[in-house]
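Just follow the structure's listing: the first ligand is 1, and inside any ligand the first atom is 1. Any value given below was found using the heavy atoms of this structure, including those in side chains, with hydrogens, waters and symmetry copies removed.
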Amino acid sequence: MNTRRKFLQKLGASALALAFIPELSPASSTDPGKPRAGDQPTDVPYDGPVLRVAIMGLGNYGGIVARAMQDCRKARLVGVISGTPSKIKNWQAKYNIPDKNCYNYENFDAIRNNPDIDAVYVITPNALHHDEVIRVAKAGKHVICEKPMAINAKEGQEMVDACKAAGVKLLIGYRMHFEPKTLEIIRMRKAGELGRIMFFQGLSGFTIGDPGQWRLNKALSGGGSMMDIGIYSVNGSRYMVGENPIWVTAEETKTNPQKFREGVDETIQFQFGFPGGAVASCLSTYAMNDLDRFFLDGTGGYAELLPATGYGPIQGRTSRGPLNQPHVTHQTVQMEEMSDIILQGKQPIVPVDGEEGVKDMKIIDAIYEAVRTGRKIELKW
Ligand code: NDP
């Protein structure tokens, strides 16, 4: 609790540092929380089922999701779970949340008796996801969990198993799986328009600020840049190439061991081999600014996203010309789609279920093992 309080006191400084996260940076974002005209088709009347969501963890990203949900028709923010009473008050006033839908980390198991909440969106530090998701599942509510779903594959699998046993759905907050330019490249690849896929490059990084923040505390983050931002290249390599890697090699570079302590990676470059013959070369870093590029190359052409995973607008081009799909507020579209997945059994183009999260954790485990041992790590699927 003490560390937590210290963290919250430092939030002022952290907020400044966070301005450099590509996802939050003004350079790559036009106020991600603000609705943009033409983003979503709000003019078509909707009278279908609505997913009633409680957000757990009212931090930076929780706030972005909450604002984006104001434009949702199929999902609604109805509750909060927080360790900070003053935030609960503010959110209640801002989002019209009744007292009976407010919980803290001690009492949220009682959500099982609340018929007005369907799902909990867990947006807390990485290492807390495992226990929180399992508690939500045991309370009988569907769970959406932020990336990384856990700090290793074993924990991720336990979360999947707990949700299965409880009969609830588990989805991971992979917002890029619904992004229009990303989906267009996936369509082109599936249609053979890029030929046989031979290469993927993923560059994911930003310069992290405040050394006191939880992202640099292994007990809460589970690692360093790889867990936080490198995971976009890990996940992206799979949906861009369309396969899971069968081998991994990786090398770590650390220029500031005071800031990036044991178990907190600053920069890792990693390589994958895929069953179809493609290879990937990727970089994950907390030490370079605005690094956010995907490049996919096949025998028939290429596709590039730059920026590739920020809040947007995402920019892209292919050997056939520029990508002109509209910008959408990622979190609004994600929550609309997740409502359909949870309540109506919709199958997304790129899966966002817990099993997908476990695949990324399994690859990240292998990357860390490759760094530790210097060996090429084989992966079986
Ligand atoms: P923040 O630090 O801004 O917020 C985390 C919140 O978690 C806190 O405000 C706090 O809320 C709660 N919390 C509970 N226990 C602790 C603790 N021991 N220490 C610190 N906070 C605690 O982090 P972010 O919102 O940036 O990140 C949260 C999660 O979301 C991470 O897993 C991250 O990877 C993911 N994320 C995903 C993004 C995406 O684009 N998909 C973008 C950014 C983050 P309270 O006071 O209400 O309890």
Side-chain angles (χ1 to χ4, degrees), residues 1-15 17-25 28-29 32-33 54-68 79-92 102-106 108 121-133 144-151 171-179 204 206 208-210 212-217 219-232 235-236 292 307-312 314 329-331 333-335 338 352 357 360-361 364:
M1 206 58 194
N2 232 351
T3 329
R4 167 98 196 282
R5 216 168 278 131
K6 270 192 219 144
F7 163 80
L8 291 171
Q9 281 162 0
K10 281 179 187 150
L11 205 61
S14 296
L18 281 167
F20 294 104
I21 298 183
E23 292 165 334
L24 304 180
S25 136
S28 61
S29 157
I55 290 185
M56 179 187 296
L58 312 183
N60 231 299
Y61 196 61
I64 287 168
V65 171
R67 286 196 294 281
V80 290
I81 300 157
S82 168
T84 314
S86 58
K87 287 193 208 166
I88 296 184
K89 266 210 159 71
N90 289 344
W91 280 54
Q92 281 195 269
C102 297
Y103 299 87
N104 58 41
Y105 299 111
E106 283 74 46
F108 77 78
Y121 194 157
V122 174
I123 317 185
T124 55
N126 312 338
L128 308 179
H129 296 172
H130 171 264
D131 290 7
E132 291 168 346
V133 165
I144 303 169
C145 177
E146 256 317 312
K147 46 56 60 177
M149 73 180 294
I151 57 170
L171 306 183
I172 312 302
Y174 287 134
R175 62 186 161 76
M176 301 316 298
H177 292 201
F178 307 105
E179 195 281 318
S204 303
F206 64 95
I208 197 158
D210 180 12
Q213 63 187 283
W214 68 258
R215 282 181 164 79
L216 298 176
N217 172 359
L220 285 172
S221 61
S225 73
M226 181 58 63
M227 285 288 178
D228 191 27
I229 194 81
I231 190 169
Y232 283 95
N235 184 247
D292 185 18
T309 64
Y311 296 154
I314 301 301
T329 302
H330 298 175
Q331 296 81 6
V333 174
Q334 173 198 321
M335 293 309 291
M338 286 190 167
V352 284
D360 288 333
M361 297 318 303
I364 290 177

Open item on the list: I'd like to check which ligand 1 atoms, numbered from 1 as shown, lie under 4.0 Å from a non-hydrogen atom of Leu58.
Closed with: 9 (O), 11 (O), 45 (P), 47 (O)
TODO: Between Trp214 and ligand 1, find which residue part has any heavy-atom pair under 4.0 Å and reply side chain, backbone, both or neither.
DONE: side chain
Task: For Ser82 against Lys87, the heavy-atom pair lying closest together - done: OG-CB, 4.3 Å
Task: Close approach, Tyr232 and ligand 1, non-hydrogen under 4.0 angstrom - done: yes
- [ ] Could you tell me which atoms of ligand 1, counted from 1 in the order shown, lie closer than 4.0 angstrom to a heavy atom of Tyr105?
- [x] 11 (O), 12 (C), 13 (N), 14 (C), 45 (P), 48 (O)
Task: Where Ala127 and Ser221 come nearest, the two heavy atoms and their spacing - done: CB-N, 4.5 Å
TODO: Answer with side chain, backbone, both or neither: which part of His330 has a heavy atom less than 4.0 angstrom from an atom of ligand 1?
DONE: neither
Open item on the list: I need the contact type for Tyr311 against ligand 1. Using non-hydrogen atoms and a strict under-4.0 Å cut-off, is it side chain, backbone, both or neither?
Closed with: side chain
Open item on the list: Taking 4.0 angstrom as the limit and counting only heavy atoms of Ser82, give me the atoms of ligand 1 inside it, by number and element.
Closed with: 45 (P), 46 (O), 47 (O), 48 (O)
Open item on the list: Can you list everything that forms a ring pair (Phe, Tyr, Trp, His ring centres under 6.0 Å) with Tyr174? Sequence neighbours excluded, please.
Closed with: His177
- [ ] Identify, with sequence neighbours excluded, every residue that meets side-chain contact (heavy atoms from CB on, under 4.5 Å) alongside Ala66.
- [x] Ile55, Leu77, Trp91, Tyr95
Task: Passing option when Val122 is tested against His130, Glu146, Met56 for side chain to side chain contact (heavy atoms under 4.5 Å, CB included) - done: Met56
Task: Identity of the nearest option to atom 32 (O) of ligand 1, non-hydrogen atoms only, from Ile172, Asn217, Asn126 - done: Asn126
Open item on the list: With heavy-atom distances below 4.0 Å as the criterion, list the atoms of ligand 1 near Lys147.
Closed with: 32 (O), 33 (C), 34 (O), 35 (C), 37 (C), 41 (N)
Task: The one among Asp228, Leu128, Ile81, Ile55 that brings a heavy atom closest to atom 15 (N) of ligand 1 - done: Leu128
Task: Atoms of ligand 1, numbered as shown, that sit under 4.0 Å from any heavy atom of His129 - done: 32 (O)
Open item on the list: For Pro148, is there any backbone N or O sitting under 3.5 Å from a side-chain donor or acceptor partner on His129?
Closed with: yes
Task: Exercise: identify the closest heavy-atom pair between Ile314 and Pro307 - done: CG2-O, 3.2 Å
- [ ] Report yes or no: does a heavy atom of Arg215 sit under 4.0 Å from some atom of ligand 1?
- [x] yes
Open item on the list: Is it the case that ligand 1 has an N or O less than 3.5 angstrom from some N or O of Leu220?
Closed with: no
Task: Approximate separation, where rounding is to 0.5 Å, of Arg215 CZ and Asp228 CG - done: 4.5 Å
TODO: Determine whether any heavy atom of Gln213 lies closer than 4.0 Å to an atom of ligand 1.
DONE: no
Open item on the list: So does Thr309 get a backbone contact from the side chain of Arg175, meaning a donor-acceptor N/O pair under 3.5 Å?
Closed with: yes
Open item on the list: Heavy atoms only, cut-off 4.0 Å: how does Val80 contact ligand 1, side chain, backbone, both, or neither?
Closed with: neither
Open item on the list: With a 3.5 Å distance limit and no angle check, can you tell me whether Asp292 reaches the backbone of Gly310 through a side-chain donor-acceptor pair?
Closed with: yes
Open item on the list: Suppose I only count heavy atoms of Arg175 and a 4.0 Å limit; which atoms of ligand 1 are within that range?
Closed with: 39 (C), 40 (O), 41 (N)
